[in-house]
Every structure is written in C-alpha cells, then in structure tokens.
Amino acid sequence: MNPTDPTSPKIRFRDERGYRTILAVAAIYAVYTVVTFASIVIVWKMADHHRKGLFTEGSPLEMAQLLIMLAGAVLAFVAASRSSECAVLVRTLGIFCLLAVIRELDHDFDTWIPVAGWHLPFHLLFLTGVWMAFKNRVKLLGQLRGFVLHRSFGTIWGGFMMTIPFAQMIGHGDFLETVFGPDYERSMKRVIEECAETFGYMIIVLGILDYIMSRKMNAD
C-alpha cells in the first residue's frame, strides 16, 4: 500500500473523516445563523405590539434575557454534574450566566436589599466563583487548554464582546447624543443596548451548548 497514493484506503478514510467534520461545523454555524435571524424577526414582531415599551425595565425582552441566561446556567450545572472531564470549566460558565441574571435583576435586588442592592449577591457569587476556580486551578487550567482551541471559545467570546463592550459603549447615551444631537431620544439607547445584550446572551448560551454537546459526543 502506497501511503502517498490518494486512492489508498487510509487516505480516503482520513479525507472522509475531514469532510464529515467540515459538514458538522458548517451545520452548527448554519443553526447559529438561523436562530439569530429567527430571533431578530421575533423581536421585530414584538416591537410591533409593544413599541418602546419592549425595551423598558421588566419588559418581555428583558424577561427573555433572563430566561436565556437561566437556561445557560441550568445547562452548565447539569452538564458539570454529569461529566468530570470538564466540570470545573463548565461550572464556571454557569456562574457567569448567573452573574448576568443578577445584573439583569438589578432593580429587583435594589428593592429587596436596600443597603447594598444587586452588588451584594453579585459580588458574593463572583467571589465564590473565584474561590472555586482557585481551589480547582489545576483541573481548570487543564480544561482551559482544550477549551481555547475549541470553536465554542470564539463563539462565547464573541457573545461576551457584544454583550459588554458593544452594548454598553455603542448603546451609551453620551455617545448617541453626540451622534444624533437634538434628534437623540433616550429610547435609542435602550433599543441598541437591550437588542445587543439579548443577542449576545443568546450567542453565549449557544456556545456553551455547542461545547457541552461536542464533549459528550467525543466521550461517547
């Protein structure tokens, strides 16, 4: 058998496996694209009914954000409890999702906790996450080596960039007021900020789901 012969069974097997991998990744990103476009259409339809109210505190869009990140947290914690290979990393991602939930419920926590407000549960959970990561730092570093090379790392990072820098900076009132001048309305800030946060959260959870599913398939 000639190892350089393209008709060699070994070469053909390697090529077929590579094609299957390419098709699988293409299918995954096709799902990302369809879900994103479908979500945009849903937001458009909701805006037809709620108008500016869709982007206020306690609106259906904000409830959707909470459900998205709660789903991400539940998904991560369930996966961490069932697999020891990536448990520390996935649990850390779940804590990040819960931090986002607390941040979205800031007005409620400010009412429930008059002194420290949302800062108290946020920082308590953050410090707990840091302590757990430090306690399991050897396992976490080992799991991070594989994670940063996985496609889901870029997906989650892209969602994070949309949620924090883009939503908070492009959706900043001072920036928009400078751009639009006397035509600026505060609702513009809310529309950009809430839409970017929603899609950023969705991309983050899709990335977490992708990582968990790929790890499970490799384990099987």
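All values derive from a computational prediction rather than experimental measurement.
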- request: Mind checking ring-ring contact (aromatic ring centres under 6.0 Å, His included) for Phe77 and listing every partner two or more places apart, or none if nothing turns up?
  value: none
message: The criterion is ring-ring contact (aromatic ring centres under 6.0 Å, His included); which residues satisfy it with Phe122, sequence neighbours excluded?
response: Trp118
Flag if over 12 foreign heavy atoms under 6.0 Å of [atom1], [X]:
X	atom1	value
Arg82	CZ	no
Met161	CE	yes
Met63	CE	yes
Phe126	CZ	no

Going only through I, L, V, M, F, W and Y residues with side-chain contacts under 4.5 Å, is there a path from [X] to [Y]?
X	Y	value
Tyr201	Val41	no
Phe147	Leu149	yes
Leu93	Val74	no
Ile42	Val34	no
Val130	Val138	no

[X] side, atom [atom1]; [Y] side, atom [atom2] - distance, nearest 0.5 Å:
X	Y	atom1	atom2	result
Tyr29	Leu206	OH	CG	10.5 Å
Met162	Cys195	CE	SG	10.5 Å
Leu66	Ile102	CG	CD1	11.5 Å
Leu141	Asn136	CG	CG	11.0 Å
Thr128	Lys135	OG1	NZ	12.0 Å
Leu61	Leu54	CG	CG	5.0 Å

State, to 0.1 Å, how close [X] and [Y] come at their nearest heavy-atom pair, and which atoms those are.
X	Y	result
Ala79	Val90	CB-CG1, 4.1 Å
Gly72	Cys97	C-SG, 3.9 Å
Gly94	Ala73	O-CB, 3.8 Å
Met202	Ser39	SD-OG, 3.1 Å
Val88	Lys139	CG2-CB, 4.1 Å

Flag the pair [X] / [Y] as yes when at least one side-chain heavy-atom distance between them is below 4.5 Å, and no otherwise.
X	Y	result
His50	Ser59	no
Val101	Glu104	no
Phe55	Ser187	no
Cys86	Tyr211	yes
Val78	Ile212	no
Ile156	Phe96	no
His107	Thr111	no

Pairs involving residues 60-79, ordered by first then second residue, that meet side chain to side chain donor-acceptor pair (under 3.5 Å) (sequence neighbours left out): Gln65-Glu194, Gln65-Thr198
- prompt: Going by the side chain to side chain donor-acceptor pair (under 3.5 Å) test, which pairs reach into residues 146-172, not counting sequence neighbours?
  reply: His150-Ser152, His150-Ser214, Arg151-Asp210, Gln168-Glu197
query: Strictly under 6.0 Å, is that where the ring centroids of Trp131 and Phe134 end up?
result: no
query: Are Glu185 and Lys52 close enough, and set up right, to give a salt bridge (Lys or Arg N to Asp or Glu O under 4.0 Å), and what steps lead you there?
result: CA-CA 11 Å; Glu185 295 183 13; Lys52 295 180 182 178; 3.2 Å; yes
task: Could you give me the CA-CA distance, side-chain angles and deciding distance for Met69 and Val205, then say whether side-chain contact (heavy atoms from CB on, under 4.5 Å) is met?
output: CA-CA 7 Å; Met69 296 311 282; Val205 174; 4.1 Å; yes
query: With clusters built from Ile, Leu, Val, Met, Phe, Trp and Tyr whose side-chain heavy atoms come within less than 4.5 Å, directly or transitively, what are the remaining members of the cluster of Phe175, listed by chain and number?
result: Phe166, Ile170, Leu176, Val179, Phe180, Tyr184, Met188, Ile192
query: Remaining members of Val115's ILVMFWY cluster at a side-chain heavy-atom cut-off under 4.5 Å?
result: none
message: Go through it in stages, so that I can follow the logic: the residues are Val43 and Phe199, the test is side-chain contact (heavy atoms from CB on, under 4.5 Å), and I'd like the CA-CA distance, side-chain angles, deciding distance and then a yes or no.
response: CA-CA 10 Å; Val43 171; Phe199 295 126; 4.3 Å; yes
- request: Report the relative orientation of the aromatic rings in His123 and His119; use parallel for angles under 30°, tilted for 30 to 60°, perpendicular for over 60°.
  value: parallel
